[in-house]
> 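Pasting a structure below so you can have a look.
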Amino acid sequence: MLNKERGTRLLEIWGNGCIELIRTLCDFIPDIWKQVQPYWYGPQGFPGVFEYEVVSILGEQLGTYLLDNDGNFPSQADIQQMITDLVVTFFSQGGSHEIPSDQTPQTHRLINLHDRFTERLAQLEGGHS
């Protein structure tokens, strides 16, 4: 949920700038993908909107954690658990709790996208277009 006051407080407590926060959060995209991969091409389909119910909620959870912990992120293990909880909850809505055995990995494509996004952020940060 967008809240300008919360966003301002979050950036103040983070203390490292908006682009740096976005870059840091985007570094979790490959972790999300690793956990989603077994479900992505499964027969159960999508029981909702992944962006709203997983990615956005993870962002809100991390923002709340930063606000409650003086701008510090949770441990990598805690972040992995947050992702797991959100992914499992999301795909469990469709009635299927099984991880499909037939996987079509797209990790390299996602990591390439992430790298390009990170490079673009660095360009913007440096004032290049």
Side-chain angles (χ1 to χ4, degrees):
M1 176 178 291
L2 295 176
N3 177 323
K4 186 175 179 175
E5 183 179 306
R6 175 183 159 96
T8 301
R9 282 192 345 253
L10 184 57
L11 286 174
E12 286 173 1
I13 200 160
W14 164 249
N16 293 311
C18 183
I19 291 177
E20 291 79 10
L21 180 58
I22 292 169
R23 179 181 293 137
T24 300
L25 292 171
C26 287
D27 286 342
F28 300 121
I29 292 171
D31 296 325
I32 295 169
W33 180 245
K34 285 176 192 170
Q35 293 197 37
V36 168
Q37 226 173 221
Y39 299 96
W40 198 262
Y41 299 101
Q44 77 276 7
F46 281 71
V49 180
F50 189 80
E51 165 61 28
Y52 299 145
E53 298 176 52
V54 177
V55 178
S56 292
I57 299 298
L58 178 63
E60 285 183 31
Q61 289 176 346
L62 291 171
T64 298
Y65 191 94
L66 287 168
L67 288 169
D68 292 344
N69 293 278
D70 298 320
N72 296 307
F73 274 101
S75 69
Q76 187 65 27
D78 288 343
I79 293 170
Q80 293 302 314
Q81 188 60 53
M82 288 175 178
I83 294 169
T84 298
D85 293 345
L86 290 167
V87 168
V88 169
T89 298
F90 178 78
F91 284 102
S92 295
Q93 296 176 84
S96 173
H97 301 278
E98 296 178 27
I99 297 175
S101 60
D102 180 20
Q103 300 176 24
T104 308
Q106 298 291 325
T107 304
H108 294 295
R109 190 180 95 169
L110 179 70
I111 290 171
N112 183 29
L113 261 166
H114 173 260
D115 289 345
R116 288 186 4 224
F117 181 74
T118 302
E119 288 171 15
R120 182 64 180 140
L121 282 175
Q123 288 174 348
L124 291 172
E125 186 178 47
H128 307 308
S129 55

> If every non-hydrogen atom of Val87 is compared with every non-hydrogen atom of Gln35, which pair is closest and at what distance?
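Shortest heavy-atom contact: CG1-O, 3.8 Å.
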
> Do the side chains of Val49 and Val88 join up, straight or via other hydrophobic residues, at under 4.5 Å, putting them in one cluster?
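Per the 4.5 Å side-chain linkage, Val49 and Val88 are not co-clustered.
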
> With rounding to the nearest 0.5 angstrom, report the CD1 to CG distance, Ile13 to Asn69.
8.5 Å

> Work out which heavy atom in Pro74 is nearest to a heavy atom in Leu62; give both atom names and the distance.
CG-CD2, 3.8 Å

> Got a second to check how far Leu10's CG is from Glu12's CD, nearest 0.5 Å?
10.0 Å

> Any side-chain heavy-atom pair from Arg6 and Thr64 closer than 4.5 angstrom?
yes

> Atom CG in Asn16, atom OG1 in Thr24: separation rounded to 0.5 Å?
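If I round to the nearest 0.5 Å, the distance is 7.5 Å.
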
> Students often mix this up, so state it plainly: with edges at 30° and 60°, are the rings of Phe73 and Trp14 parallel, tilted or perpendicular?
perpendicular

> When you measure from the side chain of Gln81 to the backbone of Gln76, do you find a donor-acceptor pair of N or O atoms at a distance under 3.5 Å?
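Not at all, since once roles are kept as given, no pair shorter than 3.5 Å links the two residues.
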
> Going by heavy atoms in the side chains, are Phe91 and Phe50 under 4.5 Å from each other?
yes

> With side chains defined as the heavy atoms from C-beta onward, is the minimum distance between Met82 and Ile57 less than 4.5 Å?
no

> What is the distance from atom CD of Glu53 to atom CG of Leu86, rounded to the nearest 0.5 Å?
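Taking CD in Glu53 and CG in Leu86, the distance rounds to 10.0 Å.
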
> With rounding to the nearest 0.5 Å, note down the distance linking OG in Ser75 to CG in Asp78.
3.0 Å

> So, for Asp85 and Thr89, which heavy atoms are closest and what is the spacing to 0.1 Å?
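So the minimum-distance heavy-atom pair works out to O-OG1, 2.7 Å.
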
> Would you say Leu58 and Leu25 make side-chain contact, with heavy atoms under 4.5 Å?
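Result no, sub-4.5 Å side-chain heavy-atom pair not found.
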
> Roughly how far, to the nearest 0.5 Å, is the CD atom of Glu5 from the OG1 atom of Thr8?
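Atom-to-atom, Thr8:OG1 and Glu5:CD are 7.5 Å apart.
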
> Applying the 4.5 Å side-chain criterion to the ILVMFWY set and letting contacts propagate, would Leu67 and Tyr65 be lumped into a single cluster?
no

> Could you go through Ile83 and Val54, starting from their C-alpha distance and side-chain angles, then the distance that decides it, and tell me whether this counts as side-chain contact (heavy atoms from CB on, under 4.5 Å)?
CA-CA 8 Å; Ile83 294 169; Val54 177; 5.8 Å; no

> Holding to side-chain contact (heavy atoms from CB on, under 4.5 Å), I want the full list of residues that pass it with Ser56, two or more places apart in sequence or in another chain.
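side-chain contact (heavy atoms from CB on, under 4.5 Å) list for Ser56, sorted by chain: Glu51.
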
